[in-house]
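Since the structure comes first, as structure tokens, the remarks are kept for the end.
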There are 2 protein chains.
Amino acid sequence: MVKRVSDAVKRRLPRYYRRLLSLDEAGTESVSSKELGALLGLTASQVRQDFNLFGGFGHQGYGYPVNKLREALEEILGLKRAWKMVVVGAGNIGRALAGYGYLGGDAFRVEALFDVDPAVIGTQVHGLTVKSADEMVSFINENNIDIAILTVPQEVANKVAHLISSSAVGAILNFAPVKLDAQENGPIIESIHIIDTLMSLTYQLSAKNITKPR
Amino acid sequence: MVKRVSDAVKRRLPRYYRRLLSLDEAGTESVSSKELGALLGLTASQVRQDFNLFGGFGHQGYGYPVNKLREALEEILGLKRAWKMVVVGAGNIGRALAGYGYLGGDAFRVEALFDVDPAVIGTQVHGLTVKSADEMVSFINENNIDIAILTVPQEVANKVAHLISSSAVGAILNFAPVKLDAQENGPIIESIHIIDTLMSLTYQLSAKNITKPR
DNA sequence: TAGATTGTTAATCGATTAACAATC
DNA sequence: TAGATTGTTAATCGATTAACAATC
């Protein structure tokens, strides 16, 4: 009954959720596929196709009940429970993410922060004491960590990712600007390449200047 | 002669570039579309199609000259010049990005960091003195800033984005978890929604457990 | 009821993959 | 030369859009 969920849909689900959350908080009772599509830059068809992958949430002539759909998405996205995370690498980005609180909610919790630098180990970051990377794998396993956020320098990213993959962690969120080698039966990997997005901007800015100089 | 570059290609260009850079630094002279595709998880066809959008860089029977292709991508992506940036919002992520240095290179430079909090204004972050948001637009215009990195709380993100759009900035890199309203003839906007990527992970972790419990 | 809007099938569009002649 | 690999056209695949009967 459950159809295949494409990557494109997978990426849209959080966007639907965020918007439905804000509609719900604003007290909106229902929303049509057309309205929601307009808010997100999608067609009404696309919205309906997407929601129908997970079941019929709408009512003809009425639209979708905001609260009910929000709840359903919360369930689908796994936001009804808390997820335990560790941050690996206490550099700029790592330290920033260690203070991460989810939109006022509590789905994501950073339980520990690791580094290899003796000068950094033992220091306090957002109420956490930086731990030695030597303790990482055992900490992940003993504390049932779900997600490891990888913010180490690119030179060692794959080495550290391998180490993480030897633990029981479920997923890695990678911020290093390298492609991590996927492991057979290893953690799910998603990457955020900030530098790629910056380059995409400079590409567009450069291309723009060719056709339409400012 | 230049064909339309799809969003999918636009997102692959930085990945090609990063890989070619590391191949070049490793002294590799040539790479075939098959080899490069394998390194990036793409088909050889796709690699050849992509490069052919920008001209014939390859040689039959030989492949692509790494250094020449890297140079070409550097040109295409606009990395031969420096881009001036400001960070708007001196919170966790903003402060982290203010210390941003590009992969040892010098294409991206953070020139200033702005905030509205009087307690933060005037403090030092990575060698920069946090400036008042009141000075932002004039600073952007007087210093020919190319890119504004937006790291303010979501509640004010669109308001601040509007303000930024009233300046001469070319692009906004948005980290706030909201969709920014696109402006007619306004800056190019790209967003990095960290929370969306986390939700995509928990979706996958949840879906995984339904079919294959651990 | 009449109007609105869904769920779902069919049509379209675009991106990816395959194929292969050209040629280094 | 023979083998390898490109550039490019054609085929396939999948995602998006359109259409419309069902129905609230």
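Chain A is the first sequence line, chain B the second, and so forth, proteins listed ahead of strands; every chain is numbered from 1. Since this is a predicted model, take the numbers as computed values, not measurements. The basis for the numbers below is simple: all heavy atoms, side chains too, and nothing from hydrogens, waters or symmetry mates.
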Side-chain N,O ([X]) to OP1/OP2 ([N]) below 4.0 Å:
| X | N | answer |
| --- | --- | --- |
| B:R48 | D:dT6 | yes |
| A:R12 | D:dT16 | yes |
| A:S33 | C:dT6 | yes |
| A:T43 | D:dT17 | yes |

Legend entry - Nearest-0.5 Å distance, OG of residue B:S30 to CG of residue B:L69: 11.0 Å
Inset, instruction - Could you tell me the separation between the OH atom of A:Y16 and the CG atom of A:L23, rounded to the nearest 0.5 Å? - result: 13.0 Å
Legend entry - Result of checking B:K10, B:R12, B:R18, B:R15 against A:D196 for salt bridge (Lys or Arg N to Asp or Glu O under 4.0 Å): B:R18
Inset, instruction - Using distance alone, with no hydrogens and no angle criterion, decide if A:S45 and A:Q49 have a side-chain donor and acceptor under 3.5 Å apart. - result: no
Inset, instruction - Looking only at side-chain atoms of A:S6, point me to the closest of C:dT5, D:dT16, D:dA15. - result: D:dA15
If I take atom [atom1] in residue [X] and atom [atom2] in nucleotide [N], what distance separates them, rounded to the nearest angstrom?
| X | N | atom1 | atom2 | answer |
| --- | --- | --- | --- | --- |
| A:F51 | C:dG7 | CZ | P | 10 Å |
| A:Q46 | C:dG7 | CD | P | 16 Å |
| B:D50 | D:dT8 | CG | C1' | 14 Å |
| A:H59 | C:dG7 | NE2 | C1' | 13 Å |
| B:D7 | C:dG14 | CG | C1' | 12 Å |
| B:R4 | C:dC13 | CZ | C1' | 12 Å |
| A:L53 | C:dT8 | CG | C1' | 12 Å |
| B:N52 | D:dT8 | CG | P | 5 Å |

Legend entry - Heavy-atom side-chain contact between A:H193 and A:M199 under 4.5 Å: no
Inset, instruction - Report yes if the side chains of A:I93 and B:L97 come closer than 4.5 Å at any heavy-atom pair, otherwise no. - result: yes
Inset, instruction - Using the closest heavy atom to pick a nucleotide of DNA chain C for each, name whichever of A:Q60 or A:Q49 lands nearer the 5' end. - result: A:Q60
Legend entry - Selection: residues 61-77 of chain A, any non-hydrogen atom under 4.0 Å of DNA chain D: A:G61
Inset, instruction - With a 3.5 angstrom cut-off on both distances, give the Watson-Crick or G-U wobble partner of D:dA21, or none if there isn't one. - result: C:dT6
Inset, instruction - Check if the side chain of B:S45 and the base of C:dA18 share a donor-acceptor pair of N or O atoms closer than 3.5 Å. - result: yes
Legend entry - Salt-bridge criterion met for A:R70 and A:D24 (N-O under 4.0 Å): yes
